[in-house]
Amino acid sequence: MSNIDQPARRKNSDKNPRRIEMSVRPTGPILPPSNIQGNALMVVIAIMAFLACLTLGAVSMVRATAAGWQSQISREITIQIKPDDNLDMEKALTKARDLALTFVGTKDGRIMDDAATARLLEPWLGTGLDINELPVPRLIIITIDETHPPDFAAMRDLLKAEVPQAFLDDHRTWVDRLVQMARTTVLIGSAILVLVFTAMVLTVVFATRGALSGNRHIIEVLHFVGAEGSFVAQEFQKHFLKISLKGAAAGGILAAGLFAAAGFWQSRSLATPESDQATALFGTFSIGYLGYLGIFATMIVIALLTTVTARITVMRTIYEIDLVRSDPARTDGLLKD
């Protein structure tokens, strides 16, 4: 009986062939992941991001250094006592310090001894000095409260009355000059930063438009087959956002690494001629967390700028295509633009 059923089963199997499973081919990106225009744009974005982050970090560093100088000068005042034949220097130093500490707003007073005074004069007079043989003024350093400083005019009058050879230097002139210098430096640095950002904006805009011009045929094909302008713009946005993020990250990380390496070198080479000269000229190579946060913000701004430029350029290209389709006579005018 099984032999009889076999032809029937074969007949049924011929009538109902086995279904072939359908497989959907994985879709690829509309735009090629990498091409010459995209790689060139990435390099341009990386260079401009590096320059912008470097300028931003330099401005932050100069501003922090100037603020530190201003704070150090504002924390102290100096009492200078000139030598006199009829003056007991040690007694005058002690009296002047005690008088200064009677004022509200003073914290501490320190008399510079002969060794410390000699070290101050070493760059000009050399070593091995005998301070007692030279008419060198002696100094008293008074630490004050920056938020509530003492009455300098009253202190100056009292010292002049009690110790005529004493002279009070409250560093106001130096502080004012330093503040003006810091403001001028920050202003110049900010102007340079604006110029760098302007150059970066123009470079990114033209580089993005140049890269998009190489993909104009893709926009035209997508638009002709019925793709909406927002869809096409979104695809291009994703593509150029990836490119801009890679370029901005490369430039920003390189700038941050440069500041970190300079700070590490400075901390490892203290008390060397190279480090001392660099510190005197630039201050400490430390931009703080705000500087690194500014570098990160610059990277985000560059990426958003490139993405917005790509969207605007795509929408403008679609608008031009629609104009040509509605009136082919406008082709020449659009090509000239």
Side-chain angles (χ1 to χ4, degrees), residues 62-185 266 270-284:
V62 171
R63 186 173 182 178
T65 303
W69 289 345
Q70 181 180 349
S71 178
Q72 290 176 1
I73 293 178
S74 301
R75 278 200 305 265
E76 295 177 348
I77 59 175
T78 304
I79 299 175
Q80 180 183 137
I81 299 181
K82 297 179 181 180
D84 195 316
D85 294 338
N86 300 322
L87 179 67
D88 186 350
M89 180 60 72
E90 296 300 328
K91 184 177 179 181
L93 289 170
T94 304
K95 184 177 181 180
R97 181 194 62 184
D98 295 339
L99 289 174
L101 292 178
T102 58
F103 285 83
V104 178
T106 57
K107 294 181 177 180
D108 188 22
R110 178 169 58 90
I111 300 174
M112 295 192 66
D113 55 13
D114 293 343
T117 305
R119 283 195 299 271
L120 289 177
L121 298 175
E122 281 182 5
W124 295 273
L125 302 180
T127 59
L129 294 176
D130 187 1
I131 300 299
N132 296 322
E133 296 180 358
L134 298 174
V136 178
R138 298 288 300 277
L139 300 177
I140 306 171
I141 299 175
I142 306 295
T143 305
I144 64 174
D145 187 359
E146 297 178 64
T147 57
H148 300 88
D151 187 351
F152 296 118
M155 184 184 298
R156 187 175 286 107
D157 293 338
L158 181 61
L159 288 173
K160 187 176 181 180
E162 297 293 333
V163 185
Q165 295 82 2
F167 172 75
L168 175 65
D169 184 5
D170 57 3
H171 304 160
R172 292 298 97 187
T173 302
W174 290 102
V175 170
D176 293 339
R177 291 181 180 179
L178 185 59
V179 169
Q180 293 298 326
M181 184 199 70
R183 289 177 180 175
T184 303
T185 304
Q266 192 176 43
L270 295 176
T272 60
E274 296 83 0
S275 179
D276 291 342
Q277 291 296 328
T279 303
L281 186 60
F282 302 106
T284 57

Partner residues of Glu90 under the side-chain contact (heavy atoms from CB on, under 4.5 Å) criterion, sequence neighbours left out: Asp88, Leu93, Arg138
statement: Contacts of Asp151 meeting side-chain contact (heavy atoms from CB on, under 4.5 Å) (sequence neighbours excluded), chain-then-number -> Ala153, Ala154
message: Looking at every heavy atom in both Gly105 and Pro150, which two are closest together, and how far apart are they?
response: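 The answer is O-CD, 3.8 Å.
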- prompt: Which heavy-atom pair separates Ala92 from Leu87 by the least distance, and what is that distance?
  reply: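 Smallest heavy-atom distance, with atoms named: CB-CD1, 3.7 Å.
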Calculate, to the nearest 0.5 Å, the distance between atoms [atom1] and [atom2] belonging to [X] and [Y] respectively.
X      : Y      : atom1 : atom2 : value
Ile144 : Thr106 : CD1   : OG1   : 9.0 Å
Glu76  : Asp108 : CD    : CG    : 10.0 Å
Ile140 : Met112 : CD1   : CE    : 11.5 Å

Contacts of Asp145 that satisfy side chain to side chain donor-acceptor pair (under 3.5 Å) - sequence neighbours left out: Thr147
- request: For Thr78, enumerate each residue passing the side chain to side chain donor-acceptor pair (under 3.5 Å) test, keeping only those at least two apart in sequence or located in another chain.
  value: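 Residues passing side chain to side chain donor-acceptor pair (under 3.5 Å) with Thr78: His171.
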message: Using side-chain contact (heavy atoms from CB on, under 4.5 Å), reason through Ile142 and Met155 one step at a time and then give a plain yes or no.
response: CA-CA 12 Å; Ile142 306 295; Met155 184 184 298; 5.7 Å; no
message: Is any side-chain heavy atom of Met89 closer than 4.5 Å to one of Ile81?
response: yes
- request: Provide the full list of side-chain hydrogen bond (donor to acceptor under 3.5 Å, both in side chains) pairs with a residue in residues 153-163, sequence neighbours left out, each pair given once.
  value: Lys95-Glu162
Give every donor-acceptor pair under 3.5 Å between a side-chain atom in residues 96-104 and any protein atom, sequence neighbours left out.
| residue | atom | partner | partner atom | Å |
| --- | --- | --- | --- | --- |
| Thr102 | OG1 | Leu99 | O | 2.4 |

